[in-house]
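Single-structure report; data block below.
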Amino acid sequence: MKTFKKHINILVLSVMMFSSLSCSDFLEEENRSFQSDLITSADPAFFDQLVNEVYNRMRGATSAYDLEHTGTDIFTRGEIIAGINEINDYVNLRPINFSLFNHWNVNYRVISAANAAIDRAEVISGITAENKTRGIAEVKFFRAFAYFSLVEHFGGVPLVLNEIRTSDTNFSRATEQEVYDQIIADLNEALSGVPDSPAVYGRVTKNAVRHLMSKVLLTKGYKTFGTSADFTQAASLAETVITAHPLVDSFSSLVSRENQRNSEVIFSILYGRNQVSRGVGNSRHLLFKFVYDVYPGQTRSTLYHRGLGSAPTPFFFNLFEEGDQRESATIRRLLLAEVNSPSANIMAGDTSIYFPKTPWSMSVIESKPYVVVNPGDYFTPNGISQVQYPMFRKFDDPGVPYTNPGINPDGERDAVIMRSGETRLLAAEAYLQLNNTAKAAEHLNAIRSRAGLNQPITPAQVTIDLILDESAKELAGEVSRWMDLKRTGRLIDRVLAHNPHAALNNAIRPFHLVRPIPQSEIDITGGSLTQNPEYN
């Protein structure tokens, strides 16, 4: 595999690892290119740079969105309901698809950097015991994170646990159970080695490890090699995290850029305003938006931005109950004009586009000077754009320059990877599997109450579909929806029921519960890396 076969000598390692920086709050740029093994092995600061590079590579691993969101019940392709697509519609999904290779590659890049830090910690002199323990624990947390994503998307994958410094193409797949055993071993070591409260914001904490461990064990509990003890431990770990990370009082405050570091956040990938340290920048503010700038009164905005391609499904928009404050904090139904458009009788500040939640009559629509798009017309060309729908606002990064696809997004916000809103949903799911619906309802009601919903869920109402609905409203775009649906056994049913493009093609089948291994990786190994069934 390309990821594995390269000679990783110190020159290549230095250029790869030190050309960019990691989390801006605690990593400082330092040019360490062209340093030899002899020099770096005598420099304890080199170990810090190795650890920092793992944080840096997590940016790529947590922004490979295609396999996480698209092809689910709440996200589909941003196109008219026609044609076919491999990832979203599961039609002719082939091992040469770029999204598959990218997901594989960005996660193995994290693993490669983690392995380098772990192995070199043993040969770099002068590292304090505390720094060594913490650094190894941090990178094992990230290695577990990457392997968890890989094993859920691809099934058993090669377990590479040491830095590769010679050419090697002989790799074979471990079993899913073996990969899970390694993930759990890494997380146990991480838990013992990272602090409760690091001195600098952005580093891994014990509760970040507990949150990931809870999710891993919850997922393992559904598998043939899982047991009810996995659900019990998942719930216990989640309870510890929930106690330490109380929910923010309001959802709008939670997703506000001004309040992005708050009690609910467990772990974030940091970016910031420094153009050097943030790398290409956070791209979440581009998610789930249509091409709006062709409308009267609109321009290429530093508020609205242009989207990356995926669209929320009509099902997603219909999930929100009356009074659910998450709706207005998550999606924007009203777009105000940013420039004058005299020919359309719209001036800057006027309503330009509006998406009513319930359909308006044609007589009312025709009485308005602005464009009105009813719910049934989101994927119907209207003479201005091919598709149009309420845009996501929860990731807004106002003032960040508008960029076209393929250009660095330059987003400055933290990317929140773990927060206790999700931890409560993990706890609810674990308790449901343990038949403790009272505790499950307690956690669901906590997040619903925060959203302004005063009608409590009763224990008798708790089902896996109810939890998935609450997760959609609470976490849309923040976590892997595909992995959640796969874990709960609801991927196929909910995709066919709620994803209009996938339903049109009716192609998703049980073998799609794992993705095909990228063909380029199989080819390089000469076949020692085998393909998943039905993809040959």
Side-chain angles (χ1 to χ4, degrees), residues 63-104 153 283 286-295 305-319 331 353 355 371 373-392 404-406 472 476-477 480-483 485-486 490-520 532 534-536:
S63 57
Y65 305 122
D66 287 355
L67 301 192
E68 306 295 13
H69 304 316
T70 312
T72 63
D73 55 344
I74 62 173
F75 297 116
T76 188
R77 51 188 166 101
E79 304 168 357
I80 62 172
I81 304 174
I84 61 174
N85 178 272
E86 293 182 40
I87 297 297
N88 184 76
D89 303 357
Y90 302 90
V91 176
N92 299 328
L93 180 57
R94 297 167 294 175
I96 60 173
N97 184 282
F98 174 76
S99 295
L100 301 172
F101 171 76
N102 184 57
H103 199 92
W104 180 280
H153 282 284
S283 59
L286 304 178
L287 290 173
F288 318 124
K289 297 180 177 182
F290 68 97
V291 181
Y292 67 91
D293 55 296
V294 294
Y295 282 77
H305 293 280
R306 177 173 287 187
L308 289 175
S310 294
T313 62
F315 169 72
F316 173 75
F317 293 118
N318 289 330
L319 275 173
I331 60 176
I353 314 171
F355 299 88
V371 175
V373 182
N374 276 332
D377 297 326
Y378 293 166
F379 294 95
T380 303
N382 63 2
I384 304 176
S385 55
Q386 291 289 297
V387 296
Q388 47 286 314
Y389 43 82
M391 301 203 302
F392 257 51
N404 281 315
S480 175
R481 183 65 174 181
W482 193 90
M483 286 174 61
L485 294 180
K486 175 187 174 176
R490 302 294 288 137
L491 177 66
I492 295 174
D493 290 346
R494 289 181 71 111
V495 164
L496 290 176
H498 304 306
N499 185 308
H501 299 86
L504 173 71
N505 286 287
N506 192 29
I508 187 171
R509 296 292 183 268
F511 72 86
H512 289 122
L513 293 172
V514 289
R515 318 285 196 170
I517 304 295
Q519 189 62 43
S520 58
N532 282 319
E534 305 293 333
Y535 290 116
N536 289 309

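Close placement of the F290 and Y389 rings is indicated, their centers lying within 6.0 Å of each other. A ring-centre distance under 6.0 Å is not found for F288 and Y65. Between Y378 and F317, the gap from one ring centroid to the other is short of 6.0 Å.
If you take NE2 on H305 and NZ on K289, they are separated by 6.0 Å, rounding to the nearest 0.5 Å. Atom CG of N97 and atom CD of Q519 lie 12.5 Å apart (nearest 0.5 Å). In this structure, CG on N505 lies 9.5 Å from CG on N92, to the nearest 0.5 angstrom. Here the straight-line distance linking atom CZ of R515 with atom CG of L93 works out to 7.0 Å at 0.5 Å rounding. To the nearest 0.5 Å, atoms CD1 (I492) and CZ (R494) are separated by 14.0 Å.
Here the side chain of N102 pairs no donor or acceptor atom with the backbone of F98 at under 3.5 angstrom. With Y90 contributing its side chain and G71 its backbone, the two residues share a donor-acceptor pair below 3.5 Å. For the pair K486 (side chain) and L513 (backbone), a donor-acceptor distance under 3.5 Å is present.
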task = Give the intermediate values and the outcome of side chain to side chain contact (heavy atoms under 4.5 Å, CB included) for residues Q388 and N382.
result = CA-CA 9 Å; Q388 47 286 314; N382 63 2; 3.6 Å; yes
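Shown are N499, T70, D66, T72; of these, the side-chain hydrogen bond (donor to acceptor under 3.5 Å, both in side chains) with N88 is made only by N499. A side chain to side chain contact (heavy atoms under 4.5 Å, CB included) with F355 is found for one member of V373, V371, I331 and no other, namely V373.
Using a 4.5 Å cut-off on side-chain heavy atoms (C-beta onward), D89 and R77 make contact.
Residues E68 and H153 have side chains that bring a donor and an acceptor to within less than 3.5 angstrom of each other.
Of all non-hydrogen atoms in T76 and P312, the two that sit nearest each other are CG2-O, 4.4 Å.
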